[in-house]
Every structure is written in structure tokens, then in C-alpha cells.
Amino acid sequence: GEDVEQSLFLSVREGDSSVINCTYTDSSSTYLYWYKQEPGAGLQLLTYIFSNMDMKQDQRLTVLLNKKDKHLSLRIADTQTGDSAIYFCAESIGSNTGKLIFGQGTTLQVKP
Amino acid sequence: NAGVTQTPKFRVLKTGQSMTLLCAQDMNHEYMYWYRQDPGMGLRLIHYSVGEGTTAKGEVPDGYNVSRLKKQNFLLGLESAAPSQTSVYFCASSYSGEGNSYEQYFGPGTRLTVT
């Protein structure tokens, strides 16, 4: 079945770039998403990329998609302490339902 | 706009008790979802709805029932709670956006403990 895998933890220094990686299995996924979850809160959509794109940039966020390897990454430039959170990768599955499969989440720790 | 709201925020149940979690959205979204979040397992889809009056099973539906009598509300029921249902429950809603991108909007979650 469909599966999404992420590394569980990443620690960076404030001001550095962070790169969070994700692999997925469903090659028919139309969209891939990145969500952010702060402590005690729900998930917030950060950005998403259409499957026929290689890259999408949105301010400090850059999403890279390697469809051949089914690999997705999220780069956060100039990482700040406020970026500390759990980041979830998700792929769309099924048509006309909006269903998503989520990875386990990557906890990003930003040290001052 | 309140977005997606969930009640209650916290609840403690004894094994065998029942309860209903309420999700409400004011964005006129067609699609609604219930997830559970457990440590190290991401979010798993319990049930979902693609419109008023419709529901369907997700990845982990056993022990739960849902209803979508009104477009803005999606109820999740636990008929006989078990300790394995201790979790954080999230509701989300979405619409079919540009190019059929389904952006899901999440509620703040309900933390349920079953003793």
C-alpha cells in the first residue's frame, strides 16, 4: 500500500538552512504537501507541489521533487527558533476524495 | 472565520464508556476528515466524508462511527472506548482547489485518554 517515510529528528543552528527529506511510494500522487505542527496545535499547510513540477519556492521555503526517485524535500533558509516544530510530508491518494497519507513527521530543533 | 473547531479539547473516559467528538467548519468545505495522531506514527485517517450525508472508511476505522448530517459538521463517535483509543484526534476540512489540489485545514485537536 501507500507509504510515506521521513527521518524523525533534525537539529540545526539558528541562521543555517534546514533540509527535511521525505520518500513516498504512490507514483500516481498528484500533489505532495508539507505541513507544520507547533506544540499543542493542529497542522498548518506550509506549501504543496504539483507532481509535474521539480521545484517550488515560497519566500524562505524551497520544495524539491524528484519524481523518478519518489523523493521530496523541504528546505528552510535562514532557519529561526520559531521554525522549531514537527514537519509532516503528505501525498495525495485516490481521486476526488482529497485523502492524504502522512509521514511520521520530522521534529526540527533550532538551537540559538 | 473560526475555521475548523473541535469540541471538547480534552476528555478522560473509562473503558466501555461512549462519547462523541464534534467538528465544525465555517468555510463551506465539501470534504471533511477525522485523523488520530499517535507518537511516531504520524496521522492516520479514521473516516472521511466527501459531502453532506456521505461517509467512508479510512485506514483505521474499527471502533469508530461517524455522521455528516449537516455540511458544516462531522461527528466522530466511540461506542465503547478502549485504552487503545487513547490518542489526539484531529478533524480537517478541504475543498477542491485549483487543479484539484485539496488543501486540508485542521482543527486544534482533542486529547482523549481512556483509562
Side-chain angles (χ1 to χ4, degrees), chain A residues 1-9 20-26 28-53 56 58 63 65 72 85-107, chain B residues 2-7 9-10 21 23-25 27 29-51 54-61 68 74 88-111:
Chain A
E2 302 90 357
D3 194 21
V4 178
E5 296 282 337
Q6 298 177 240
S7 53
L8 295 182
F9 186 77
I20 301 171
N21 294 301
C22 168
T23 57
Y24 61 97
T25 58
D26 188 353
S28 65
S29 290
T30 311
Y31 287 92
L32 294 122
Y33 304 80
W34 283 105
Y35 282 84
K36 176 183 180 182
Q37 184 182 32
E38 295 182 355
L43 277 69
Q44 174 191 3
L45 178 66
L46 282 178
T47 186
Y48 62 91
I49 187 167
F50 188 47
S51 58
N52 70 353
M53 297 171 64
K56 181 179 180 181
D58 185 359
V63 177
L65 175 60
L72 183 74
I86 303 176
Y87 291 80
F88 290 92
C89 165
E91 63 168 341
S92 59
I93 59 168
S95 58
N96 302 322
T97 64
K99 289 189 335 183
L100 302 179
I101 292 286
F102 286 85
Q104 312 95 307
T106 299
T107 298
Chain B
V4 180
T5 58
Q6 293 182 232
T7 52
K9 288 186 167 48
F10 302 94
L21 283 68
C23 175
Q25 53 96 3
M27 297 174 284
H29 286 173
E30 285 294 328
Y31 307 87
M32 296 187 75
Y33 314 86
W34 275 107
Y35 295 92
R36 59 177 290 172
Q37 183 178 29
D38 301 294
M41 298 189 74
L43 276 77
R44 292 182 292 169
L45 183 64
I46 305 171
H47 286 281
Y48 66 99
S49 168
V50 299
T54 74
T55 63
K57 293 180 181 179
E59 186 185 356
V60 289
R68 183 107 182 262
F74 196 28
V88 181
Y89 291 85
F90 287 100
C91 175
S93 70
S94 76
Y95 65 101
S96 178
E98 182 181 343
N100 283 336
S101 65
Y102 293 86
E103 301 172 33
Q104 291 193 14
Y105 293 78
F106 282 79
T110 295
R111 187 173 295 274

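Excluded from the calculations below are hydrogen atoms, water molecules and symmetry mates; all remaining heavy atoms, backbone and side chain alike, are included. Only a predicted model underlies this, so the values are computations on that prediction, with no experimental measurement involved. Protein chains get the first letters and strands the later ones, always in sequence-line order, with residue 1 at the start of each.
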If you measure from [atom1] on [X] to [atom2] on [Y], what distance do you get to the nearest 0.5 Å?
X: A:Thr97; Y: B:Glu30; atom1: OG1; atom2: CD; value: 13.5 Å
X: B:Tyr33; Y: A:Lys99; atom1: OH; atom2: NZ; value: 9.5 Å
X: B:Glu103; Y: A:Thr47; atom1: CD; atom2: OG1; value: 9.5 Å
X: A:Phe102; Y: B:Met41; atom1: CZ; atom2: CE; value: 14.5 Å

Tell me, for B:Leu45 versus chain A, whether the close heavy atoms (under 4.5 Å) come from the side chain, the backbone, both or neither. side chain
Testing the basics here: between [X] and [Y], what is the closest heavy-atom pair and its distance to 0.1 Å?
X: B:Gln37; Y: A:Phe88; answer: NE2-CZ, 3.3 Å
X: B:Val50; Y: A:Asn96; answer: CG1-O, 4.1 Å
X: B:Phe90; Y: A:Gln37; answer: CZ-NE2, 3.3 Å

Residue part contacting chain B, namely of [X], when any heavy atom lies under 4.5 Å:
X: A:Gln6; answer: neither
X: A:Ile86; answer: neither
X: A:Leu8; answer: neither

Side chain to side chain contact (heavy atoms under 4.5 Å, CB included) assessment of B:Gln104 paired with A:Tyr33: CA-CA 10 Å; B:Gln104 291 193 14; A:Tyr33 304 80; over 6 Å; no
B:Arg111 atom CZ: more than 12 heavy-atom contacts under 6.0 Å: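 Incorrect, the count does not exceed 12.
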Who among B:Tyr105, B:Tyr31, B:Tyr102 has the most heavy-atom pairs with chain A under 4.5 Å?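 When all of B:Tyr105, B:Tyr31, B:Tyr102 are compared, B:Tyr102 has the most.
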B:Tyr35 and A:Leu100: CA distance, side-chain angles, deciding distance, side chain to side chain contact (heavy atoms under 4.5 Å, CB included) verdict: CA-CA 11 Å; B:Tyr35 295 92; A:Leu100 302 179; 4.3 Å; yes
